[in-house]
Amino acid sequence: MSNPESFIDEVTDEVRRDKLFAAFRKYGWIGIALVVLTVGGAAYNEWHKASQRDAARAFGDALLAGMEAETPEARRTALAAVPASGEKAAVLNLLLASDPVEDRAATLAALEAVAQDATLPDLWRDLATLRRVIVQGTEAPLADRRAALEPLAQPGRSFRPLAAEQLAYLLVEEGKTAEAITALQALVADQEAPGGLRSRASQMIVALGGELAQG
């Protein structure tokens, strides 16, 4: 029985090989395509990452070169010539807004461009709005400044403590001293507030005649 069985096994193996080769001829291109796509995708990712690094480096170098210009006018001209879009444009406009004393109009225009750009993350827009309110100062109506700051002071916003500090100063400006002291005391106790902010709040509380919590 061994010879017939051996013969049958050999025939079965041949049939399996024939089916395998037929399947490979019919569907083997799929495997090859997957290999090509995998290798090609990895190569593209590496190229894309390298391109992004090169672009970020070039952008940073251009910003540094612009910031090193000798005069504010030359600095603004150099920065304005740097091509940028998206979040890079936000960074560029925030740098263009760094000379409020030298060019107040250009500073406010740059901040407004960032604050009103709905395509940007809240981080950039909030920062621009906060900076714009500070630069405007009392030239802007108090109600407008409060309306701009209140959304920024909500839980979860990136600059919540800074916006809350500015809102406390608006209370001082309105003459609501007791309310201002209460708001500042909350900031002193706020563990999310930076140390410098809490220090400023403490000094303002004392200046307003309030008391610091003992602890």
Side-chain angles (χ1 to χ4, degrees), residues 55-56 58-176 179-180 183-184 187 190 192-194 196-201 203-204 207-208:
F59 179 68
D61 290 344
L63 292 184
L64 288 174
M67 293 298 291
E68 290 174 355
E70 294 184 359
T71 65
E73 293 80 5
R75 182 164 58 249
R76 287 193 297 272
T77 299
L79 289 174
V82 177
S85 60
E87 292 190 56
K88 289 181 180 179
V91 173
L92 182 60
N93 276 315
L94 288 171
L95 287 176
L96 285 169
S98 62
D99 286 321
V101 175
E102 297 292 338
D103 194 340
R104 186 180 184 82
T107 293
L108 291 173
L111 293 171
E112 184 71 14
V114 177
Q116 297 301 321
D117 188 346
T119 66
L120 292 173
D122 287 341
L123 172 71
W124 298 112
R125 300 176 65 194
D126 287 359
L127 179 57
T129 299
L130 181 63
R131 176 67 176 156
R132 183 190 62 192
V133 169
I134 293 172
V135 171
Q136 285 177 323
T138 56
E139 290 184 6
L142 189 146
D144 291 350
R145 284 178 281 155
R146 175 171 285 128
L149 290 169
E150 283 180 341
L152 277 60
Q154 297 303 309
R157 299 301 277 265
S158 299
F159 303 100
R160 180 189 60 78
L162 292 170
E165 179 186 22
Q166 294 301 314
L167 286 170
Y169 294 158
L170 293 186
L171 291 171
V172 175
E173 187 177 329
E174 287 181 296
K176 298 179 179 179
E179 292 181 36
L184 291 166
L187 279 172
D190 188 345
E192 293 183 3
L197 188 156
R198 281 152 49 188
S199 178
R200 289 195 303 272
Q203 293 171 8
M204 181 61 73
L208 293 173

Which pair of heavy atoms, one from [X] and one from [Y], lies closest together, and at what distance?
| X | Y | answer |
| --- | --- | --- |
| Ala115 | Ala128 | N-CB, 3.8 Å |
| Phe159 | Leu123 | CE1-O, 3.3 Å |
| Pro161 | Leu187 | O-CD2, 3.7 Å |
| Arg104 | Val135 | NH2-O, 2.6 Å |

**Asked** Which value, rounded to the nearest 0.5 Å, describes the distance between Ser158 atom OG and Leu127 atom CG?
**Response**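 Ser158 OG to Leu127 CG: 9.0 Å, rounded to 0.5 Å.
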
**Message:** To the closest 0.5 Å, what do you measure between CD (Glu165) and CD1 (Ile134)?
**Reply:**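 Taking CD in Glu165 and CD1 in Ile134, the distance rounds to 8.0 Å.
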
**Item:** Residue pairs passing the salt bridge (charged side-chain N to carboxylate O under 4.0 Å, His left out) test where at least one lies in residues 152-161, sequence neighbours excluded
**Value:**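 Matches after skipping sequence neighbours: Asp126-Arg157, Arg160-Asp190, Arg160-Glu192.
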
[X]: partners by side-chain contact (heavy atoms from CB on, under 4.5 Å), with sequence neighbours left out:
| X | result |
| --- | --- |
| Gln203 | Ser199 |
| Gln136 | Leu108, Arg132, Ala140 |
| Leu208 | Val172, Thr177, Ala180, Ile181, Leu184, Met204 |
| Glu174 | Leu142, Arg146, Leu171, Lys176 |

**Prompt:** Residues two or more places apart in sequence or in another chain: which of them pass side-chain hydrogen bond (donor to acceptor under 3.5 Å, both in side chains) with Thr138?
**Reply:**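 Checked Thr138 against side-chain hydrogen bond (donor to acceptor under 3.5 Å, both in side chains); zero matches.
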
**Pair Leu152-Val133, side-chain contact (heavy atoms from CB on, under 4.5 Å): steps then yes or no** = CA-CA 12 Å; Leu152 277 60; Val133 169; over 6 Å; no

**Message:** Just to verify, what does Glu173 make a salt bridge (Lys or Arg N to Asp or Glu O under 4.0 Å) with, not counting sequence neighbours?
**Reply:**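 Glu173: salt bridge (Lys or Arg N to Asp or Glu O under 4.0 Å) contacts with Arg145.
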
**Asked** Sub-3.5 Å donor-acceptor pair from the side chain of Gln166 to the main-chain atoms of Leu162, do we have one?
**Response**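 No; zero donor-acceptor contacts below 3.5 Å.
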
